[in-house]
Number of protein chains: 2
Amino acid sequence: MESSDKTKESAKQTFTEYLNKNKLRKTPERFAILDRIYSINGHFDIESLYCYMKENNYHVSKATLYNNINLLLDCKLIIKHNFGDNISQYEKSYNTHTHNHFICTRCGAIKEFSDINIKRTIQSKRIKNFTQLSYSLYIYGVCNKCQTEQEAAEQKKCVKTRI
Amino acid sequence: MESSDKTKESAKQTFTEYLNKNKLRKTPERFAILDRIYSINGHFDIESLYCYMKENNYHVSKATLYNNINLLLDCKLIIKHNFGDNISQYEKSYNTHTHNHFICTRCGAIKEFSDINIKRTIQSKRIKNFTQLSYSLYIYGVCNKCQTEQEAAEQKKCVKTRI
DNA sequence: ATGTATGCAAACCATTTGCAATGAC
DNA sequence: GTCATTGCAAATGGTTTGCATACAT
C-alpha cells in the first residue's frame, strides 16, 4: 500500500469516528469528498474541488461541499487559509499542525515550507490562559521572478530618462 | 506632543510622499481617513471604520474607504488580516512589520503579542530566491474562558449520565 | 480647464439559507 | 418510518464597478 493510501485510510477512520461520536450519518458523499480532498496536494478552493469531483464523475452540490468542509475543519482533517482574495483555500492536514508559507506580494505565488527551528520556537511560547493547538505562519516578500522583472523595468526607466 | 500624535504626523507625511510620488490627489477625505485609522488601536473592518467616521461627523462613502484602504495597504501604512470569517480586518502598521496573534478557535477572540525570539527565528530564515519583507503569525488554540466553559459543560454531562 | 476622486446605486460573487426530495439509520 | 442530508435555487452581504457630479491641480 502506498503511503498516500495509508494516510487516506487513516483520515477515513478519523472521519468515521468523528461522525459516530457526533451521531452524524455516514453518507457516500462524505467519504467521496474526503477521498478527493486527500488526493489533492497543496491548496484548493471549493470551486476547484467541485470541478475536480465532477471530472471524476462524482456530482455533489456546492452546498454539500460547504457543509462537509465545515465538518472536516471541525475534526481537523483539513485546514483553511485566507490569503486575502476572499476565496477560502483549504488543504488536507493529517497530523500536520504547522503551516509555513512564503507569499510573494507582487504575483501572489505561495510556497510552503517546514522549519523545525521556527516550529520549536513558536510552540515553546507559553501564553497565559491559552492552550496552543496549531499555527499558521505567512512570510511576505518578493520572489526572485518578480524582483528580476522589477529590476529590468527600473533599468529600462533609467535608460529612458537618460535619453 | 503625544507619541501617538507623532506617529500620526509621520504617517501623514509618508502618505503625502506616496501620493506625490504616484501623482495622486491630496483630498481631505484621504487625510481624514488616515487620521481616523491612526486613532484606532487594534483591528477594524470597513463597516466599523465607516461608523466611526460618521460618529465623528465625517461622512465618506464605502467606495471611497475601499479605494483608500488599498492605497494605504500599498504604501504599507496599514496591514490586512483575514481571520476566516470573510470580513477583512485592517490595522495601522507604522514601522511594524511583524504581527503575532493568538486566536481562540471557539469564540474567535484575537490577542496580539510581541516576541523577540520568534521574530529573530523567523527573520533569520533564508529562502532561496525570496526577499522577506514582513510576516504574520497566527497561533490557534483555546482561551481560558472557553476551556472553563467546556469543562463545566462536560462535568454537567457526566453528572447527567451518572444519574 | 482638465481629469482624478467622490458618492450613490447597481453588480458581483463566494458563501449561506430555505425547502422539497432522498436515503441512512 | 423518522429525520438528517442532499440538491437546487434564492438570499445574503462584503466588496467592486459604473457613472454623474464635485473638486484638486
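Below, all heavy atoms of this structure are taken into account, side chains as well, without hydrogens, waters or symmetry copies. Everything numeric in this text was worked out from a predicted model, so none of it was measured.
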Mind checking A:N82 for me? I need base, sugar-phosphate or nothing, with any heavy atom below 4.0 Å counting as a touch. nothing
Can you list everything that forms a ring pair (Phe, Tyr, Trp, His ring centres under 6.0 Å) with A:F102? Sequence neighbours excluded, please. A:F113, B:F130
Dump the pairs, protein N or O against N or O of nucleotides 8-10 of chain D, anything under 3.5 Å, distances to one decimal.
residue: D:dC8; atom: OP2; partner: A:H59; partner atom: NE2; Å: 3.0

What does the list of N/O pairs under 3.5 Å between the protein and nucleotides 11-15 of chain C look like, with a distance for each?
residue: C:dT15; atom: OP1; partner: A:S88; partner atom: N; Å: 3.1
residue: C:dT15; atom: OP1; partner: A:S88; partner atom: OG; Å: 3.1
residue: C:dT15; atom: OP2; partner: A:Y66; partner atom: OH; Å: 2.4
residue: C:dT15; atom: O5'; partner: A:Y66; partner atom: OH; Å: 3.1

Under the rule for side-chain contact (heavy atoms from CB on, under 4.5 Å), what residues qualify as partners of B:N56, not counting sequence neighbours? B:R36, B:Y52
In numerical order, the residues of residues 11-40 of chain B whose heavy atoms come under 4.0 Å of DNA chain C are B:L24, B:R25, B:T27, B:E29, B:R30
Examine D:dT6: is either OP1 or OP2 under 4.0 Å from a nitrogen or oxygen in the side chain of A:N68? Give yes or no. yes
Carefully, step by step, assess A:M53 and A:H59 under the rule side-chain contact (heavy atoms from CB on, under 4.5 Å). CA-CA 6 Å; A:M53 293 197 71; A:H59 174 81; over 6 Å; no
Not counting sequence neighbours, which residues clear side chain to side chain donor-acceptor pair (under 3.5 Å) with B:S10? List them please. none
Run the side chain to side chain donor-acceptor pair (under 3.5 Å) test against B:T7 and tell me which residues pass, sequence neighbours left out. none
Output all residues satisfying side-chain contact (heavy atoms from CB on, under 4.5 Å) with A:S88, sequence neighbours left out; order by chain, then residue number. A:K80, A:N82, A:Y90, B:N86
Kindly assign one of parallel, tilted or perpendicular to the pair A:Y138 and A:H101, based on the angle between their ring planes and the thresholds 30° and 60°. parallel
Among residues at least two apart in sequence or on other chains, which ones pass side-chain contact (heavy atoms from CB on, under 4.5 Å) with A:N22? A:Y18, A:L24
Whole-Å distance separating the CG atom of A:L72 from the P atom of D:dT5: 13 Å
Whole Å only: how far is the CG atom of A:D85 from the C1' atom of D:dT15? 12 Å
In whole angstroms, how far is the P atom of C:dG7 from the NZ atom of B:K54? 12 Å
Taking the axis from the first five pairs and the axis from the last five, what angle separates them in the helix from C:dA1-D:dT25 to C:dC25-D:dG1, rounded to 10 degrees? 30°
Nearest 0.5 Å please: distance from the CD1 atom of B:I40 over to the CD atom of B:E91. 11.0 Å
Test: salt bridge (Lys or Arg N to Asp or Glu O under 4.0 Å). Region: residues 10-20 of chain B. Which pairs qualify, not counting sequence neighbours? none
May I ask you to evaluate whether A:N67 reaches the phosphate of D:dT5, defined as a side-chain N or O under 4.0 Å from OP1 or OP2? no
I'd like to know whether NZ of A:K26 has more than 12 heavy-atom contacts from other residues, nucleotides or ligands below 6.0 angstrom. yes
Given the ring of A:Y38, does A:K8 sit roughly above its face, with NZ or CZ under 6.0 Å from the centre of the six-membered ring and within 45° of the axis? no
Side chain to side chain donor-acceptor pair (under 3.5 Å) partners of A:D85, counting only residues at least two apart: none
Using atom CG of B:N70 as one end and atom C1' of D:dT15 as the other, report the distance to the nearest whole Å. 10 Å
